[in-house]
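Lettering follows sequence order; numbering is per chain, from 1. This one's a predicted model, so the numbers in the text were calculated from it and none came from an experiment.
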Amino acid sequence: MSWTKLLCSHREVQLIGTLNGGQTFRWTHNKDNDEWIGIFSKTVWKLRQSNDGLQYQVIGSLLSKSNKNNSKKATVAKDVNTELFTSLLEKYFRLDVDLVRYYKEWSEADELFKSAGQQFYGVRMLAQEPVENLFSFICSQNNHISRISSMVEKLCTQYGEEICSHEGTTYFSFPEVQKLCEPKVEAQLRKLGFGYRAKFIQKSAEQIVEWGGEDWFRTLQDMKYKDAKEELMKLHGIGPKVADCICLMSLNHLEALPVDTHVYQIAAQNYLPHLRGKKNVTDKMYMEIGDHFRKLYGDMAGWAHTVLFCADLKKFQQNGKEDESVKPKRRRIK
DNA sequence: TTCATACCTCTATT
DNA sequence: AAATAGAGGTATG
């Protein structure tokens, strides 16, 4: 199979910072050949980087325009598919955004960004699919990345659609909301170890379906950021932090700025000393921290903060051991 | 309105 | 070996 290349400068995209920085949970890195395999848009992708671009292969897809026997037709279909997949990938990575330019702006505004941005160049805010994004981040609360990833995979194998098998692994799409809203889902997910999040997932799915499913998300994109956030927080299990994650990562509200314990630490340490030593982040503090960063970085503050976050996460990973690949879990049998 | 705490489960640490 | 704290929060009172 051949690679399709999207032209862009090396400093525009850094796959490890973008795909392994905690915004998405469905990409795995093969360290031997420096290739990535991941899933979005019902499609299994393989990615790699060269000096002048981002390259991809489609391993399998439920979107492909299939073609039967006629070889001329097959060639046409192949071109149509390439066009489709290239456009999907460009949108997913937001390749229309000139990130080098924004790094320059954010560096001029802030010394801390300047030093973080040098090492962590090319960290892009993906344009994810709202459904996957929302349910992944319901799983993220009180949780760590390796466990979040395994829970997301469970959702896909249980309720998603099979896309293809490749080198011994079967890949599944992220499930439709309709699949998650049935009452039995809660008990099933509890059995799979989702804990109290099981109820959040089933209930939220129910609400989303009731309010219009996919179409409801489209209305959230068209709203002002604050309104969209308010709407999201009506869902069971979605508070201010997860609502901001969804606004930022899949609803195109780039000023949304999720404040978790890490971001709180960064803010208290570097900018807002009066917030140091607090037990937990109150709503008021949450607002203050978000507004501080928005004032500093402007209308794409959420993207900028993700770069800081990424730097902080890496620092943590060097001390701790979070970076180890996910080991197969030993199931305790009773 | 603002604040503290329980919550499922897994893991690293003691 | 067994107990405990903490993990990229939220609902509840």
Side-chain angles (χ1 to χ4, degrees), chain A residues 17-25 120 123 125-126 128 133-155 185-204 207 229-249 256-269 275 277-290 293 302 305-334:
Chain A
T18 305
L19 300 179
N20 218 9
Q23 45 174 323
T24 172
F25 305 98
F120 299 94
V123 176
M125 179 56 56
L126 299 170
Q128 298 189 65
N133 186 219
L134 187 148
F135 290 103
S136 298
F137 277 84
I138 286 182
C139 295
S140 79
Q141 58 186 254
N142 245 313
N143 220 341
H144 47 265
I145 291 178
S146 66
R147 186 167 171 233
I148 301 166
S149 307
S150 87
M151 288 165 85
V152 170
E153 283 317 300
K154 282 177 190 170
L155 286 177
V185 167
E186 179 182 348
Q188 291 174 337
L189 292 181
R190 269 191 186 267
K191 201 174 282 178
L192 290 170
F194 281 63
Y196 57 87
R197 303 168 194 85
K199 186 164 148 187
F200 292 165
I201 290 171
Q202 190 273 330
K203 281 268 183 292
S204 289
Q207 287 173 287
K229 178 174 176 180
E230 209 170 295
E231 284 305 303
L232 285 168
M233 286 175 63
K234 290 176 183 167
L235 294 170
H236 201 67
I238 296 195
K241 190 267 181 180
V242 171
D244 272 331
C245 287
I246 300 161
C247 283
L248 174 65
M249 299 172 186
L257 202 145
V259 179
D260 57 31
T261 50
H262 286 237
V263 175
Y264 160 66
Q265 294 296 338
I266 295 171
Q269 204 51 244
L275 297 184
K278 304 286 183 191
K279 245 189 174 157
N280 40 18
V281 180
T282 65
D283 286 353
K284 201 176 153 191
M285 287 164 63
Y286 191 105
M287 281 293 293
E288 186 179 351
I289 293 166
F293 283 117
H305 118 289
T306 299
V307 179
L308 282 191
F309 186 91
C310 192
D312 197 66
L313 188 67
K314 277 284 148 24
K315 210 166 36 184
F316 168 70
Q317 284 177 352
Q318 276 159 17
N319 302 333
K321 330 180 159 136
E322 281 286 309
D323 199 27
E324 291 309 308
S325 56
V326 186
K327 292 177 199 135
K329 295 226 159 57
R330 228 175 298 146
R331 301 242 49 96
R332 204 175 304 159
I333 301 174
K334 273 208 163 172

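Ring geometry for A:F309 versus A:H305: interplanar angle of 30 to 60°, hence tilted.
C:dA2 sits 26 Å from B:dC8 when the P atoms are compared, rounded to a whole Å. Rounded to whole Å, the P atom of B:dC3 lies 24 Å from the corresponding atom of C:dG8.
For the residue pair A:Y286/A:D244, the side-chain donor-acceptor check at 3.5 Å is satisfied.
Nucleic acid contact for A:I148: none, since no nucleic acid atom lies under 4.0 Å from a heavy atom of the residue. Using a 4.0 Å heavy-atom cutoff across all strands shown, A:L235 reaches sugar-phosphate atoms only and no base atom. Using a 4.0 Å heavy-atom criterion, one finds that A:V242 contacts the sugar-phosphate atoms exclusively. Across all strands, A:P258 comes closer than 4.0 Å to no nucleic acid atom at all (heavy-atom distances). Residue-level contact check: A:D283 touches neither bases nor backbone, having no heavy atom under 4.0 Å from any strand.
Figure legend. C:dG8 is base-paired to no nucleotide; pairs are counted as Watson-Crick or G-U wobble with both atom distances under 3.5 Å.
No donor-acceptor contact under 3.5 Å links the side chain of A:R197 to the base of B:dT9.
Atoms CZ (A:R147) and P (B:dC10) sit 6 Å apart, rounded to a whole Å. In this entry the distance linking OH of A:Y196 with C1' of C:dT12 reads 14 Å, nearest Å.
Side chain of A:Q207 to backbone of A:Q202: no donor-acceptor contact under 3.5 angstrom is found.
Of all non-hydrogen atoms in A:G22 and A:I145, the two that sit nearest each other are CA-CD1, 4.2 Å.
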